[in-house]
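Read the structure below first, then the notes.
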2 protein chains.
Amino acid sequence: MTSESPSIVDVAKKAGVSVATASRVMSGSTYPVSEGTREKVLLAARELRYVPNSLARSLKAQRSKLIAVLVGDNADPYFAQVARGVEEVANSHGYLTIICNTERDPIRELSYLQTLQDYRADGIIFTGSGSDETSVPEQLEIDDMIEKIQRRGAAIVMLSPHNLQAPSIQPDNLGGAYELTRYLLELGHTRIAFVTGPANVTVANQRLQGYRQALTDSGITPDDTLLFPGNFAQAGGERAAAMLDQLPREKRPSAVFACNDETAFGLMYGLHQHGWRLPEDISICGFGNLPMARMVTPALTTANISLRELGRAGAQKILALLQHQDTTVQETFPTTIVKRASTIPFAHTTSDMDNK
Amino acid sequence: MTSESPSIVDVAKKAGVSVATASRVMSGSTYPVSEGTREKVLLAARELRYVPNSLARSLKAQRSKLIAVLVGDNADPYFAQVARGVEEVANSHGYLTIICNTERDPIRELSYLQTLQDYRADGIIFTGSGSDETSVPEQLEIDDMIEKIQRRGAAIVMLSPHNLQAPSIQPDNLGGAYELTRYLLELGHTRIAFVTGPANVTVANQRLQGYRQALTDSGITPDDTLLFPGNFAQAGGERAAAMLDQLPREKRPSAVFACNDETAFGLMYGLHQHGWRLPEDISICGFGNLPMARMVTPALTTANISLRELGRAGAQKILALLQHQDTTVQETFPTTIVKRASTIPFAHTTSDMDNK
DNA sequence: TTGTAAGCGTTATCAG
DNA sequence: CTGATAACGCTTACAA
């Protein structure tokens, strides 16, 4: 009963060659090996059901063939899509994908970075952490850690705005938000509310900025009483709905820009609960174009980010960096707005809200 | 410019002790080390910013502290939730989580198993593969591989029905489907359609079986013309909607059991497109209780599976198995039905469908 | 073209 | 309590 996995030594022995030769065959080295011995080794390996030990190989080679993706929460559809893209590319190049949930907590983030350093991960992809907060003490350690990881030769890529020293591919949050707001303005809306993301999260602030810019460019002064706090989750949208419902009628906006789709879903649900009719009573748009965006009622107007593609691009950049074949440092990833039923012209919006 | 990570040898040197001693301190061994030397080592390690190499450690220890989770698609909310649970437990015990998308393709599954064997993954969690198909040639190789992995000492846990030799924790699909169908019957529905999952997927068939059983127990003969092919995705639901819409009025069911929530979403969307009013024209239920189930209009009646908890349980079982502290082989995970607005009494269903 | 042997960074065994 | 040394399984100079 041989429960032990055979090693390359066993293969060599069985094939009647040296370990070096066996290794050269098994590792797909370019080193010349005669056809005859090659066959012998291959045969022995097959018979022993030899499986190379990646751990040993990695230890020797100083590269693990592991790529990690740091996300806030892998069950959040946004991150899930990105991770999917990463995994696709990683897998097709013989890399394994490690998933790390940080919950946007610098402590967890740091802890994971530490572990990934221990494992000598070859690549690390950040997405959706990106805090504006420089005051948090862990941020310094994170910066430190990142530099250390890079010095080791590992590649780091950011898929969201980050004030860290690393190559990045960033969705055009500002542009998308600007376009989306312009679209609402074109529909005739002027009182447009905004449900924010978590405090200090850069992506959220970029979208806010795009919204503000579009208003200003149209000669409208952004009204901070139309800003509602959200958290990128459904709950935040629901809370915003409750607040909107409390607003005296004349203070109500005719449209709301939710900082991401998840928030928009919560907002729509909440307004529904409060008896609002959508989109007649209010127009709503989100950001991200999650798969559910077209399925909700009414279908959600939003900005599309090809998340899976973003993930793929991120992984590809990692691979390029590992081969020192990438010089560009900052790339922008396009966003395009998707017009659906949740936004209608202001003229068609119910001005008389007695129904509510 | 020392770009090389310091090793334990460097720490030992700096602390003026042997590598053995340094290792004993750093690895948290129970081996006695005098307080003084311990301090010295710790200090040296800190000054050098020493990071233990997990690869080397794993190679030596013959365990990698890697747990893999095999899913159909990590962006599918069902799998995403499970993976989240796995990651939580894994991380809190110092394990990394590897995500593997199999797309329910035996070839990809096999390829991943191979790689995981190469990496000496300590635990592998299967979820949502589970084909009834024994005829596919890869299945034999997969069985083989699994046995080999287990012989190596790695733990394997299935979170969905599977005809493989491994411990499992299975959601009560049959019971949940039975209860859900009974509920529809209690509401007075008798013509209840069923949208299936992908062919040969065991979970889907279990749900179908529960549905059939409930009908039979109520003296109703299951009518195969009310079976519509689905694929666990929105698209399948949309196709079923189109087919329902084609049905002559008198042949239409008054309720539909969609094999999972995703399918139900597609179905609802499709019916909407075709001008059906929900739930007045037809009652719908899903299975799984995804986060979006309560957000769609009307809110979806479904069977709840605590997916994150399921993932946690799976990871915990892996850990227990690795310590040979688990004897139970088959566990069932409860499902509970959640009644929402998408299902109404048959009496309230529009019999006159002129509106359509 | 093949083989020998050193070494990747740890930990465990065995002597002191 | 501490230290030298042999593994773990693999790759790669360097020799032959």
Candidates C:dA12, C:dT2, D:dT2 - which lies nearest the side chain of A:T21: C:dT2
Between D:dG9 (C1') and A:K13 (NZ): distance, integer Å: 13 Å
Nearest atoms (heavy-atom pairs only) where A:N74 meets A:A80: O-CB, 3.5 Å
Residue B:V33, side-chain heavy atoms: nucleotide from D:dT2, C:dG9, C:dT11 that is nearest: D:dT2
Residue met sooner reading DNA chain D from 5', once B:S18 and B:R120 are mapped to nucleotides: B:S18
D:dG9 phosphate, OP1 or OP2, under 4.0 Å from B:Y119 side-chain N/O: no
Atom-pair distance (CE on B:M26; P on C:dT11), nearest Å: 9 Å
Rounded distance in Å - CZ (A:R152) to C1' (C:dG9): 14 Å
Given A:I156, A:I146, A:D118, the one that forms side-chain contact (heavy atoms from CB on, under 4.5 Å) with A:L113: A:I146
Nearest-Å distance for atom pair CG/C1', residues B:L55 and C:dC8: 10 Å
Distance in angstrom units between A:N53 CG and C:dT10 P, rounded: 17 Å
Distance below 4.0 Å between A:R57 side-chain N/O and D:dG9 OP1 or OP2: no
For the student: nearest non-hydrogen atoms of B:L321 and B:P167, plus distance: CD1-CG, 3.8 Å
Spacing of A:D10 atom CG relative to D:dA7 atom P, expressed in whole Å: 15 Å
Near-strand residues of residues 35-45 of chain B, defined as heavy-atom separation under 4.0 angstrom from DNA chain C: none
Where B:L116 and A:L96 come nearest, the two heavy atoms and their spacing: CD2-CD1, 4.3 Å
Interatomic spacing from CG in A:N101 to OH in A:Y112 - rounded to 0.5 Å: 6.5 Å
Distance-only polar pair, side chains of A:Q117 and A:R152, donor-acceptor under 3.5 Å: yes
Only pairs under 3.5 Å count here: list side-chain donor-acceptor contacts from residues 35-44 of chain A, not counting sequence neighbours, and write none if there are none.
unit_1 : atom_1 : unit_2 : atom_2 : d
A:T37  : OG1    : A:S34  : O      : 2.9
A:T37  : OG1    : A:S34  : OG     : 2.7

Touch class at under 4.0 angstrom, heavy-atom based, for A:V25 against every strand present: nothing
D:dC10 phosphate, OP1 or OP2, under 4.0 Å from A:S58 side-chain N/O: no
Phosphate OP1/OP2 of D:dA7 contacted by B:Q62 side-chain N/O (<4.0 Å): no
Between protein and nucleotides 14-16 of chain D, what N or O pairs are separated by less than 3.5 Å?
none

Between D:dT12 (P) and A:L59 (CG): distance, integer Å: 13 Å
Carboxylate-amine/guanidinium contact A:R49 B:D144, below 4.0 Å: yes
Position toward the 5' end of DNA chain D (nearest nucleotide), B:V17 or B:A61: B:V17
Proximal nucleotide (of D:dG3, C:dT11, D:dT11) relative to the B:S27 side chain: C:dT11
Carboxylate-amine/guanidinium contact B:D122 B:K65, below 4.0 Å: no
Atom-pair distance (CD1 on B:I8; P on C:dC8), nearest Å: 14 Å
Sugar-phosphate only, base, or nothing, as touched by A:S23 at under 4.0 Å among non-hydrogen atoms: base
Ionic contact status for B:E109 with B:R104, cut-off 4.0 Å: no
Nearest-nucleotide pick for B:P32, side chain only, options being D:dG9, D:dC1, C:dG3: D:dC1
Distance-only donor-acceptor test (3.5 Å): side chain B:K60, base C:dA12: no
Heavy atoms of other groups near A:E47 CD, more than 12 under 6.0 Å: yes
